[in-house]
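This structure is a prediction, so every number in the text was calculated from the model and none was measured.
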Amino acid sequence: MMNPDAVADAGLRESSVEPEFPAGNNGLEILGLVPRPGIFTRQALERLGRHDLGPTQVLCYSGRPVAQVDSYAGARLVDVLDACGLSERPRSELKRCVFVARGDDGYQAIFSWNELYNSATGEKVLVLYEKNGAALDAHLGVLCLISAGDSRLGPRHLRGLLQVAVKML
């Protein structure tokens, strides 16, 4: 089991251990085809640079409003992945990569490398740690993920974000 308290100063530590996520986990595990898998705590995410979203309405796929917030803040997922060395991999491999984000309820969202790194969508895929100037609400978990460039934010809004697995097709 990886211990978020043992995270190196850069926010990462190498691991070949399959992750376990005990109740109350406070970190985001990046694993799979990255040179330096690791765990990011909120503090490590904050060091990657803050990105703010203004007023945000989360709609489910049907268009039904799920949430309305004044502001969200977090780190860009591409910055997290790059901190793990993803961009060091050969471009021919990167173009075949997909990213599977998983929440503590088992819900998953999938992104392609091209979507994250070669489109406007990637700029707004955030690992959130703050809502309306404070920590996230308990039902959202310590961290959550949002793809704010999507027309309907609900389908790729993960509560209790636990891990992002990097896979190659």
Side-chain angles (χ1 to χ4, degrees), residues 1-51 53 72-90 93-117 121-131 135-150 153-169:
M1 176 169 66
M2 298 177 79
N3 180 353
D5 295 327
V7 176
D9 188 45
L12 299 170
R13 75 180 177 93
E14 292 189 17
S15 169
S16 60
V17 177
E18 279 297 309
E20 295 179 37
F21 297 100
N25 181 50
N26 291 322
L28 167 60
E29 173 96 35
I30 305 294
L31 63 143
L33 298 173
V34 290
R36 295 178 299 280
I39 292 178
F40 285 81
T41 62
R42 176 183 171 150
Q43 294 75 25
L45 291 166
E46 289 173 346
R47 288 193 300 269
L48 290 176
R50 178 186 178 93
H51 293 269
L53 294 175
Y72 276 130
R76 293 184 319 162
L77 180 58
V78 293
D79 294 337
V80 176
L81 295 167
D82 285 346
C84 292
L86 180 69
S87 291
E88 298 167 17
R89 295 192 62 97
E93 292 178 7
L94 292 173
K95 292 188 239 179
R96 297 182 358 221
C97 284
V98 294
F99 309 91
V100 181
R102 183 174 65 85
D104 61 8
D105 59 359
Y107 190 78
Q108 297 180 1
I110 300 171
F111 299 89
S112 70
W113 174 86
N114 199 46
E115 181 179 25
L116 290 180
Y117 285 86
T121 298
E123 291 293 315
K124 291 189 174 183
V125 177
L126 301 181
V127 178
L128 301 174
Y129 49 75
E130 189 176 289
K131 175 184 169 187
L136 297 175
D137 298 339
H139 78 281
L140 293 174
V142 174
L143 303 172
C144 68
L145 180 125
I146 196 164
S147 181
D150 292 354
L153 307 186
R156 293 201 289 192
H157 184 219
L158 277 80
R159 296 178 294 220
L161 181 63
L162 294 177
Q163 74 177 209
V164 175
V166 181
K167 302 177 181 211
M168 192 178 313
L169 297 179

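- In this structure, the side-chain hydrogen bond (donor to acceptor under 3.5 Å, both in side chains) partners of Arg50, at least two apart in sequence or on a different chain, are Asp52, Glu130.
- Looking at residues two or more places apart in sequence or on another chain, you find a side chain to side chain contact (heavy atoms under 4.5 Å, CB included) between Glu93 and Arg89, Pro90, Met168.
- Remark: Lys95 pairs with Arg91, Trp113 by the side chain to side chain contact (heavy atoms under 4.5 Å, CB included) rule, at least two apart or across chains.
- Scanning for side-chain hydrogen bond (donor to acceptor under 3.5 Å, both in side chains) contacts around Arg156 gives Glu115, Asp150, with sequence neighbours left out.
- Closest heavy-atom contact between Cys144 and Gly160: CB-N, 4.3 Å.
- Ala101 approaches Leu161 most closely through the heavy-atom pair CB-CD1, 4.1 Å.
- What you find for Ala83 and Leu48 is that their closest heavy atoms are CB-CD2, 4.1 Å.
- Annotation: side chain to side chain contact (heavy atoms under 4.5 Å, CB included) contacts of Arg159 (sequence neighbours excluded): Asp105, His139, Leu140.
- Atoms CG and CG, from Leu128 and Leu158 in turn, are 10.5 Å apart once rounded to the nearest 0.5 Å.
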Candidate pair Ile30 and Leu81, rule side chain to side chain contact (heavy atoms under 4.5 Å, CB included), full reasoning | CA-CA 8 Å; Ile30 305 294; Leu81 295 167; 4.0 Å; yes
Tell me, with the steps shown, if Thr121 and Leu116 meet side chain to side chain contact (heavy atoms under 4.5 Å, CB included).
-> CA-CA 6 Å; Thr121 298; Leu116 290 180; 5.6 Å; no
Check the pair Val164, Val100 against side chain to side chain contact (heavy atoms under 4.5 Å, CB included), reporting the backbone distance first and the verdict last.
-> CA-CA 5 Å; Val164 175; Val100 181; over 6 Å; no
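- Taking both residues in full, the closest heavy atoms of Ala75 and Val80 are given as CB-CG2, 4.4 Å, listed atom of the first, atom of the second, then distance.
- For the salt bridge (charged side-chain N to carboxylate O under 4.0 Å, His left out) test, no residue two or more places apart in sequence or in another chain qualifies with Asp104.
- In this view, Asp82 and Ser87, Tyr117 satisfy the side-chain hydrogen bond (donor to acceptor under 3.5 Å, both in side chains) rule, not counting sequence neighbours.
- Interatomic distance, CG of Leu33 versus SG of Cys97, reported as 6.0 Å (0.5 Å rounding).
- Among residues two or more places apart in sequence or in another chain, the side-chain hydrogen bond (donor to acceptor under 3.5 Å, both in side chains) test is passed with Gln108 by none.
- Taken from NZ in Lys124 to NE2 in His51, the straight-line distance is 12.0 Å, to the nearest 0.5 Å.
- Side-chain contact check for Tyr129 versus Leu28: every heavy-atom pair is 4.5 Å or farther apart.
- Between atom OG of residue Ser147 and atom CZ of residue Phe111 there is a gap of 4.5 Å, rounded to the nearest 0.5 Å.
- With a 4.5 Å cut-off on side-chain heavy atoms, Arg36 and Glu88 count as touching.
- Note that the CG atom of Leu53 and the CG atom of Leu126 stand 5.0 Å from one another [nearest 0.5 Å].
- The distance from the CD atom of Glu46 to the CZ atom of Phe40 is 13.0 Å, given to the nearest 0.5 Å.
- Taking the side chain as every heavy atom from C-beta outward, Val125 and Ile146 never approach each other to under 4.5 Å.
- Across all their heavy atoms, Leu94 and Leu86 have their closest contact at CD2-O, 3.4 Å.
- One finds no salt bridge joining Glu29 and Arg102 here, because no Lys/Arg side-chain nitrogen approaches an Asp/Glu carboxylate oxygen to under 4.0 Å.
- Residues Ile110 and Phe99 have side chains not in contact (no heavy-atom distance under 4.5 Å, counting atoms from C-beta outward).
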